[in-house]
J.: 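Sending over a structure as structure tokens; questions will come in a sec.
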Amino acid sequence: MPFVILAILAFIWGASFILIKEGLKVMTPLQLAATRLFIAGSVFTPFVFHLIKDIAPKDRKFLLFSGLLGNGIPAFLFAYGETKVESSIAGALNALTPLFTLIIGSIFGSIVMAKNKTFGVLVGFLGALVLILGSHFIDNDFDTLKSGEHKYSLLIILATAMYGANVNLIKVKLSKYKALNISALPLFFLAVISGFILLFSNWQQLETYENHQIYKSFGAIALLAIFGNSISLIMFNRLLQTSGPIFASSVTYFIPIMALVFGAMDKENIRGIHAVGMLLILLGVYLVSKARNREN
């Protein structure tokens, strides 16, 4: 069952980057992220008051932190990042999550960082550099490099660092609770915050209501919210509780592959150097996972 859940999550989250791209055709990054979180959290509204009773008052603040790290802030970072970064590249960079899970876990003592794991981390981050900067050096395109567009990739990397922090937070502070509780409640909190953001985002004044693109874009974000956030988050938290943070984070082995497939279907400019960068990231994740398995 863990491998089945892993495969389903890879497909859902692999498609999320192309769905964000579709949403950005109409919405601003702020509108997109707030709409996504509002829909995702609203799904759980009927259950919130029942579920909150099962959470000890001292742990409720960790639910809010988990929501911000695992969904809230990353939703905005990915939306802004994909205004300049191809969806397939965003998907590949997302594979850094297990490396950040290891780094942050080692900082707070929940995971031991051995030398062989450190090598895997370095290989993974080398892959990220190749992915972000490789094509510029091959083409001698230093003007584009100087423009700073590559910095949008750093927003996505920051989002993956937050994912890694959230994995450790759940494992250390919230693993005693049911997956539904630690999925629904943070998303509901985010829906309330996002509702206020939408009130001041001029969402209702989108001129594209006159054409069909608004319906395609809104449909893409609704799918992303319901499947990419609400349903998949329950599945991921369950996987995290039963299989541990490293195995759960290894879903990012497969997310880049799916993102690459969806990007190719959308005729994105995917080059050989991008594949090299992605493979280096995945090699780094593999080396880290192999080192951990050897320890166990």
J.: When you compare the side chain of L224 with that of E22, does any pair of heavy atoms fall below 4.5 Å?
T.: no
J.: To the nearest 0.5 Å, how far apart are CG in N229 and CH2 in W13?
T.: 9.0 Å
J.: Taking all non-hydrogen atoms of both residues, which atom of R36 and which atom of A225 are closest, and how far apart?
T.: O-CB, 3.2 Å
J.: Please test H274 against I89 for side-chain contact (heavy atoms from CB on, under 4.5 Å), starting from the C-alpha separation and ending with a verdict.
T.: CA-CA 7 Å; H274 296 146; I89 304 301; 3.6 Å; yes
J.: Measure from the side-chain N and O atoms of S106 to the backbone N and O of I103, and report whether any donor-acceptor pair falls under 3.5 Å.
T.: yes
J.: Could you check whether the rings of Y163 and F78 sit parallel, tilted or perpendicular, using 30° and 60° as the cut-offs?
T.: parallel
J.: For I234 versus A179, what's the shortest heavy-atom pair and its separation?
T.: O-CB, 3.6 Å
J.: For the residue pair N181 and P186, what are the closest heavy atoms and their distance?
T.: O-CD, 3.8 Å
J.: Between F100 and A161, what is the shortest heavy-atom contact and its length?
T.: CG-CA, 3.5 Å
J.: Please determine whether a side-chain nitrogen of the Lys or Arg among K21 and D266 lies less than 4.0 Å from a carboxylate oxygen of the Asp or Glu.
T.: yes
J.: Using atom types as modelled and distance alone, determine if a side-chain donor or acceptor of S194 lies under 3.5 Å from a backbone N or O of A191.
T.: no
J.: Report the C-alpha distance between S87 and E82 in whole Å, list the side-chain angles of each, state the deciding distance to 0.1 Å, and finish with yes or no for side-chain hydrogen bond (donor to acceptor under 3.5 Å, both in side chains).
T.: CA-CA 7 Å; S87 68; E82 284 200 42; 5.1 Å; no
J.: Are the side chains of L239 and L6 in touch, meaning some heavy atoms are under 4.5 Å apart?
T.: yes
J.: Donor-acceptor check, side chain of S230 to backbone of F227, threshold 3.5 angstrom: yes or no?
T.: no
J.: Do I8 and V4 come within less than 4.5 Å of each other through their side chains, counting heavy atoms only?
T.: yes
J.: Under the 3.5 angstrom rule, does the side chain of K61 hit a backbone N or O of K58 as a donor-acceptor pair?
T.: yes
J.: So, taking the atom named CD1 in I52 and the one named CZ in F47, what distance separates them when rounded to the nearest 0.5 Å?
T.: 15.0 Å
J.: Mind checking whether L283 and L279 sit in one hydrophobic cluster, side chains of I, L, V, M, F, W, Y counted as touching below 4.5 Å?
T.: no
J.: Side chains of L223 and F218: does their closest heavy-atom pair fall under 4.5 Å?
T.: no
J.: Could you tell me whether the side chain of E268 reaches within less than 4.5 Å of the side chain of I18, counting heavy atoms only?
T.: yes
J.: Which heavy atom in F44 sits nearest to a heavy atom in S183, and how many Å separate them?
T.: CE1-O, 4.5 Å
J.: Same cluster or not: are L287 and V276 linked, directly or through other Ile, Leu, Val, Met, Phe, Trp or Tyr residues, by side-chain heavy atoms under 4.5 angstrom apart?
T.: yes
J.: So, does T97 use its side chain to make a donor-acceptor pair with the main chain of G164 at under 3.5 Å?
T.: no
J.: Please say yes or no: joined through hydrophobic side-chain contacts below 4.5 Å, possibly via intermediate residues, are F49 and L51 part of one cluster?
T.: no
J.: Judged by atom type as modelled, is there a donor-acceptor pair below 3.5 Å linking the side chain of Q213 to the main-chain atoms of K25?
T.: no
J.: Find the distance between CG (N94) and CD1 (I255) and round it off to the nearest 0.5 Å.
T.: 5.0 Å
J.: Within the structure provided, determine whether L77 and I156 are in side-chain contact (heavy-atom separation under 4.5 Å).
T.: no
J.: For L282 and F254, run side-chain contact (heavy atoms from CB on, under 4.5 Å): C-alpha distance rounded to whole Å, both residues' side-chain angles, the deciding distance at 0.1 Å, then the answer.
T.: CA-CA 9 Å; L282 295 179; F254 310 102; over 6 Å; no
J.: Taking the ring centre of each residue, are F38 and F196 less than 6.0 Å apart?
T.: no
J.: To the nearest 0.5 Å, what is the distance between CG on N168 and CD1 on I107?
T.: 9.5 Å
J.: Quick one: do the N166 and S66 side chains pair a donor with an acceptor below 3.5 Å?
T.: yes
J.: Do the non-hydrogen side-chain atoms of L96 and L99 ever get within less than 4.5 Å of each other?
T.: yes
J.: Given the rule that I, L, V, M, F, W and Y join up when any side-chain heavy atoms are under 4.5 Å apart, are I5 and I257 in one cluster?
T.: no
J.: Are any side-chain N or O atoms of Y177 and backbone N or O atoms of A56, one a donor and one an acceptor, separated by less than 3.5 Å?
T.: yes
J.: In Å and rounded to the nearest 0.5 Å, what is the CD1 to CD1 distance from I12 to I226?
T.: 11.5 Å
J.: Please tell me whether T35 and Q31 have a donor and an acceptor in their side chains that are separated by less than 3.5 angstrom.
T.: no
J.: Of all the heavy-atom pairs spanning G91 and P256, show the shortest one and how long it is.
T.: O-CG, 3.6 Å
J.: Determine, using the 4.5 Å side-chain heavy-atom cutoff (strictly less than), whether F200 and V192 are members of one ILVMFWY cluster.
T.: yes
J.: Please indicate whether F11 has more than 12 foreign heavy atoms, meaning atoms of other residues, nucleotides or ligands, lying under 6.0 Å from its CZ.
T.: no
J.: Could you grab the distance from atom CD1 of I20 to atom OG1 of T83, nearest 0.5 Å is fine?
T.: 11.0 Å
